[in-house]
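Residues: numbered from 1 along the sequence shown.
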Amino acid sequence: MAERVEQLLAGDGPLTIVAAGDPVLRRPAAPFDGQLEPELLARFVTALRVTMHAAPGVGLAAPQVGVGLRIAVIEDPAPVPEEVRLARGRVPQPFRVLVNPSYEPVGTARAAFFEGCLSVPGWQAVVARHAEVRLTGQDEHGRAVDEVFSGWPARIVQHETDHLDGTLYLDRAELRSLSSSQAMADRWTQPTPHTAARALGFELP
């Protein structure tokens, strides 16, 4: 694994994001238990962050660059209008590294919004997810993480942790909502997907 990561980091600029259809996206990632030495892990985390920013995205999991380890990064400056912030609970999230994360729902509430993925470029679909989750795991220094996320941050950590289990957002999506990026720009930019649900014929939770 270390050799694979060294090869990836030998190039310049962002790493290549693998697309749906690559088996690495469908295999559960191996728990991280020191396969990368601290210096290599730090370089890999930096490369994930650079790649996430360049895409651009708000999260990136190691399998998305071809590395089957339970490591992901998230960061969201949340540059959205106030009505979107209020509707989606989208608030800024600082950069953080998630190592061996897992989540469990807090309560029964669910929230449904359009969601996309850097490994499924050009498309978005509505996904109903837990509105609040408890995330446990470690950070890049091995320190314990035990935190409750709600709103859009909860969606991000669920999406990225799912990647580490071999799950894509389309596995959880309402497929009648599947829309091209162009259709999203032309029709479905409202803060909530209620208009899309009526027009495309799907139900929201």
Check: side-chain contact (heavy atoms from CB on, under 4.5 Å) between Met52 and Val58: does it pass, once the steps are laid out?
Finding: CA-CA 7 Å; Met52 174 179 64; Val58 296; 5.6 Å; no
Next item on the list: Kindly indicate, with the supporting measurements, whether the criterion side-chain contact (heavy atoms from CB on, under 4.5 Å) is fulfilled by Leu48 and Val97.
Entry: CA-CA 10 Å; Leu48 287 175; Val97 182; over 6 Å; no
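The shortest distance between side-chain heavy atoms of Leu168 and Arg26 falls below 4.5 Å. Counting only heavy atoms from C-beta outward, the side chains of Arg96 and Val157 never approach each other to under 4.5 Å. With a 4.5 Å cut-off on side-chain heavy atoms, Ser179 and Trp123 do not count as touching. Using a 4.5 Å heavy-atom cutoff, the side chains of Val91 and Gln93 are in contact. A 4.5 Å side-chain heavy-atom check between Leu200 and Trp188 finds at least one atom pair inside the cut-off. The shortest distance between side-chain heavy atoms of Pro193 and Leu204 falls below 4.5 Å. Using a 4.5 Å heavy-atom threshold, the side chains of Phe44 and Leu69 count as separate. Taking the side chain as every heavy atom from C-beta outward, Asp165 and Arg70 approach each other to under 4.5 Å.
Hydrophobic cluster membership differs between Ile156 and Val73, with clusters built from Ile, Leu, Val, Met, Phe, Trp and Tyr side chains linked at under 4.5 angstrom. Criterion: ILVMFWY side-chain heavy atoms under 4.5 Å apart, direct or through other members. Under it, Phe202 and Leu170 are not part of a common hydrophobic cluster.
Within the 3.5 Å criterion, the main-chain N or O of Ala47 finds a donor-acceptor partner in the side chain of Thr51. Distance alone, capped at 3.5 Å, is enough to place a donor-acceptor pair between the Gln158 side chain and the Ala154 backbone. The backbone N or O of Pro191 sits less than 3.5 Å from a side-chain atom of Arg88, completing a donor-acceptor pair.
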Sequence neighbours excluded and cut-off under 3.5 Å, please list the side-chain donor-acceptor pairs for residues 102-115, or say none.
unit_1: Ser102; atom_1: OG; unit_2: Thr136; atom_2: OG1; d: 3.2
unit_1: Tyr103; atom_1: OH; unit_2: Asp162; atom_2: OD1; d: 2.8
unit_1: Arg110; atom_1: NH2; unit_2: Ala128; atom_2: O; d: 2.7
unit_1: Glu115; atom_1: OE1; unit_2: Arg129; atom_2: NE; d: 3.1
unit_1: Glu115; atom_1: OE1; unit_2: Arg155; atom_2: NH1; d: 2.7
unit_1: Glu115; atom_1: OE2; unit_2: Arg129; atom_2: NE; d: 3.2
unit_1: Glu115; atom_1: OE2; unit_2: Arg129; atom_2: NH2; d: 2.9
unit_1: Glu115; atom_1: OE2; unit_2: His159; atom_2: ND1; d: 2.6

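The neighbour count for Glu3 CD, taken as heavy atoms of other residues, nucleotides or ligands under 6.0 Å away, does not exceed 12.
Note on residues 73-84: pairs passing side-chain hydrogen bond (donor to acceptor under 3.5 Å, both in side chains), not counting sequence neighbours, are Arg49-Glu75, His53-Glu75, Asp76-Arg90, Glu82-Arg85.
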